[in-house]
Participant: 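Here it is, the structure, as structure tokens.
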Amino acid sequence: MGSTSVPGLAAKPIIDILIETSDLSWWIMDRLEGLGYTGKGEHGIAGRAFYYKGKQVRRFHVHVFEKKSDGSGRHLALRDYLRSFPTKEKEYECIKKQAAAQYPHSPSEYMNEKHIVVQKLEQEALCWKRAEEEN
């Protein structure tokens, strides 16, 4: 669902995986932890169960949402929007590169730096997705 899911978009070497489930029960926690993932609860996004794999170097992030939730819908709409509009993809890539250059050793500052642009693009993506679904 992340930048690696948009062909040509600059991305960190981390695969973001989105799982939708009919029940966000914690049975999935045992299964993912059994595969070497570490659970972090909602980790800043309400209605999400977040997991990562890798102690020193993270390679995989798993985001588990209930089916048709606002969280999964927002992430998937942004992915589809960036795939459909190369100028928006480049706008996002530009801010990502600026943030990465400015904060090469601080993931939290990197995320904060691109936050406003991501929110704007998400809103555009959701409007675009609604219009697409109406047609």
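Side-chain atoms are counted along with the backbone in the values below, which use heavy atoms only and exclude waters and symmetry mates. Keep in mind it's a predicted model, so treat the numbers as computed, not measured. We're numbering straight along the sequence, starting at 1.
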Participant: Going by the side-chain hydrogen bond (donor to acceptor under 3.5 Å, both in side chains) test, which pairs reach into residues 54-64, not counting sequence neighbours?
Facilitator: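 Found D16-H61, D16-H63, R48-H63.
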
Participant: Honestly curious: do F85 and L82 fall in one hydrophobic cluster under the side-chain, below-4.5 Å linking rule?
Facilitator: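 In one cluster with F85: L82, yes.
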
Participant: Testing the basics here: between S72 and E20, what is the closest heavy-atom pair and its distance to 0.1 Å?
Facilitator: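 Closest pair (atom of S72, atom of E20, distance): OG-OE2, 2.7 Å.
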
Participant: For K114, check side chain to side chain contact (heavy atoms under 4.5 Å, CB included) against everything at least two apart and list the hits.
Facilitator: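 Partners of K114 under the side chain to side chain contact (heavy atoms under 4.5 Å, CB included) test: Y92, I95, K96, Y110, M111, V118.
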
Participant: Do V117 and L9 sit in one hydrophobic cluster, given that two such residues count as connected whenever their side-chain heavy atoms are within less than 4.5 Å of each other, even indirectly?
Facilitator: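 Yes; tracing contacts between hydrophobic side chains, which count when under 4.5 Å, links both residues.
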
Participant: I'd like to check F60 versus I17 (side-chain heavy atoms, cut-off strictly below 4.5 Å). Are they in contact?
Facilitator: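 F60 reaches I17 side chain to side chain.
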
Participant: Same hydrophobic cluster for I45 and L76, using side-chain heavy-atom links shorter than 4.5 Å among ILVMFWY?
Facilitator: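 Same cluster: I45 reaches L76 through Ile, Leu, Val, Met, Phe, Trp or Tyr contacts under 4.5 Å.
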
Participant: Measuring from atom NZ of K67 to atom CD1 of I19, what distance do you get when rounded to the nearest 0.5 angstrom?
Facilitator: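 Between K67 NZ and I19 CD1, I get 12.0 Å after rounding to 0.5 Å.
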
Participant: Provide the closest heavy-atom pair for S5 versus P7 in the form atom of the first, atom of the second, distance.
Facilitator: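 Heavy atoms of S5 and P7 come nearest at O-CD, 3.6 Å.
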
Participant: Just verifying a value: how many Å separate E66 CD and T21 OG1, rounded to the nearest 0.5 Å?
Facilitator: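 OG1 of T21 is found 7.5 Å from CD of E66.
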
Participant: NZ of K97: more than 12 outside heavy atoms within 6.0 angstrom?
Facilitator: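 No, the 6.0 Å shell around NZ holds no more than 12 heavy atoms from other groups.
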
Participant: If you take all heavy atoms of K12 and T4, which pair is closest and at what distance?
Facilitator: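 K12 and T4 have their closest heavy atoms at O-CG2, 3.8 Å.
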
Participant: What is the distance from atom OH of Y51 to atom CD of E33, rounded to the nearest 0.5 Å?
Facilitator: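 Result: 6.5 Å between the selected atoms.
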
Participant: Which atom pair, heavy atoms only, marks the closest approach of F65 to G71?
Facilitator: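 What the structure gives for the nearest pair is CE2-CA, 3.6 Å.
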
Participant: Hey, is CG on N112 packed in by over 12 heavy atoms from elsewhere, all under 6.0 Å?
Facilitator: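 Enclosed.
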
Participant: Using the salt bridge (Lys or Arg N to Asp or Glu O under 4.0 Å) rule, collect all pairs that involve residues 73-90, keeping only residues at least two apart or in two chains.
Facilitator: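 Passing the test, one end in residues 73-90: R74-E122, D80-K129, K88-E91, K88-E124, K90-E93.
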
Participant: If hydrophobic clusters are built by linking Ile, Leu, Val, Met, Phe, Trp and Tyr wherever their side-chain heavy atoms come under 4.5 Å apart, do I15 and Y37 end up in the same one?
Facilitator: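 Linked, I15 and Y37 end up in one cluster.
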
Participant: With a 4.5 Å cut-off on side-chain heavy-atom distances among I, L, V, M, F, W and Y, is there a chain of contacts connecting F50 to I14?
Facilitator: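 They do not share one cluster, since no chain of ILVMFWY contacts under 4.5 Å joins F50 to I14.
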
